[in-house]
Amino acid sequence: MASYSLFLLMALLALVTSGAVASDPALSRTSVLLTNTHQVHTSYELSFRVNGFPCKDINDVKVDDFFLAANLDKPMDTTKSKVRSNVTLINVMKLAGLNTLGISMARIDYAPLGQNPPHTHPLATEILTVLEGSLYVGFVTSNPDNKFFSKLLNKGDVFVFPQGLIHFQFNPSHDKPAVAIAALSSQNPGAITIANAVFGSNPPIADDLLAKAFQVDKKAVDWLQAQFWEDNHN
Ligand SMILES: *[C@@H]1O[C@H](CO)[C@@H](O)[C@H](O)[C@H]1NC(C)=O
């Protein structure tokens, strides 16, 4: 009798924990470096519902759950962005079959002198290849070293941005566009663009606080906040 109820308990435990095992490892994992971001990065809240996306019965799964006519071979419009780039991310919101698979991808278009500004994917590593043009890329390691690694990439080169670190890409050409394809180790990597998050938050962070934090005049902070308020909320 006792062993029978033990068996039942273990079966129940297996059932309860299987959801966690099947979820995106990047969403379930706790990161030593990034504990502070857990409360504010909405992706993590999704993990309670197996990343927030339905797990279909196998009989309801169709091939198109794993397919997207994404037109990733087509150039994207870079003229509307102030930084002259356009990120087309194929994540689980666009391709349902990515759920629980821990991967996504992006096409990134850069106008001449365009950039994908300093940003982080708290729980995703990113590997990138250059399809057209060249890119100056870099990332900075965590405190206290803040070591900067950078490299000029040519067509066909591959670079990896380690999980959680602040990184960027810049097209140094004055006349040629650049194109990159990236893969990210999360079905929903999210992104925190540093300038937009710090200077464009809603509501704004107090300007005297940021003036002290960035060791600049309050007027410089007010100017930045006006720029990024417009970018983020208009
Ligand atoms: C990116 O390009 C697409 C297609 O050209 C366009 O619809 C979209 O508005 C662009 N996004 C930005 C942020 O410029």
Side-chain angles (χ1 to χ4, degrees), residues 37 40-43 46 53 64-98 103-139 153 155-159 161 164-205 223-234:
T37 65
V40 293
H41 185 51
T42 48
S43 297
L46 304 175
F53 296 92
D64 282 355
D65 290 331
F66 304 96
F67 170 79
L68 186 67
N71 293 316
L72 281 196
D73 59 320
K74 304 280 190 309
M76 298 290 161
D77 182 8
T78 52
T79 61
K80 274 182 277 190
S81 134
K82 277 189 186 169
V83 291
R84 295 285 183 265
S85 67
N86 191 329
V87 180
T88 308
L89 177 67
I90 311 299
N91 61 10
V92 68
M93 276 82 110
K94 289 196 183 159
L95 182 54
L98 286 176
I103 196 166
S104 58
M105 72 178 295
R107 173 190 170 113
I108 313 162
D109 288 79
Y110 312 80
L113 302 179
Q115 64 169 276
N116 187 11
H119 65 280
T120 164
H121 311 289
L123 293 186
T125 286
E126 173 175 352
I127 185 167
L128 173 146
T129 188
V130 181
L131 295 189
E132 294 295 339
S134 57
L135 286 176
Y136 174 67
V137 304
F139 68 84
L153 306 182
K155 189 170 168 171
D157 290 348
V158 170
F159 197 83
F161 304 102
L165 300 184
I166 293 177
H167 61 283
F168 64 84
Q169 301 103 34
F170 168 69
N171 176 9
S173 171
H174 287 257
D175 50 10
K176 290 190 196 69
V179 180
I181 293 283
L184 297 110
S185 63
S186 167
Q187 66 178 24
N188 183 16
I192 300 170
T193 304
I194 308 309
N196 296 67
V198 173
F199 297 109
S201 67
N202 184 15
I205 301 173
W223 188 84
L224 283 166
Q225 286 185 315
Q227 298 299 306
F228 286 99
W229 183 266
E230 204 173 286
D231 279 9
N232 281 5
H233 310 294
N234 284 339

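Values below: all heavy atoms of this structure, side chains included; hydrogens, waters and symmetry mates excluded. In listed order, ligands and their atoms are each counted from 1.
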Identify the residue among Arg84, Met76, Glu132 that makes a side-chain contact (heavy atoms from CB on, under 4.5 Å) with Asp109. Met76
What do the steps show when you test Asn116 against Leu135 for side chain to side chain contact (heavy atoms under 4.5 Å, CB included), and what is the final call? CA-CA 10 Å; Asn116 187 11; Leu135 286 176; over 6 Å; no
So, Tyr110 and Gln115: side-chain donor and acceptor under 3.5 Å apart, yes or no? no
Take Phe161 and Phe159 through the ring-ring contact (aromatic ring centres under 6.0 Å, His included) test and state the conclusion after the steps. CA-CA 7 Å; Phe161 304 102; Phe159 197 83; 5.2 Å; yes
Does any donor atom in the side chain of Ser173 or Asp175 lie under 3.5 Å from an acceptor atom in the other side chain? yes
Heavy-atom closest contact (Asp77 atom, Asn86 atom, distance): O-ND2, 2.7 Å
Which atom pairs, nitrogen or oxygen on both sides, join ligand 1 and the protein at under 3.5 angstrom?
residue	atom	partner	partner atom	Å
ligand 1	2 (O)	Asp77	N	3.3
ligand 1	2 (O)	Asn86	ND2	2.3
ligand 1	5 (O)	Asp77	N	3.0
ligand 1	9 (O)	Lys80	NZ	3.0
ligand 1	11 (N)	Asn86	ND2	3.0

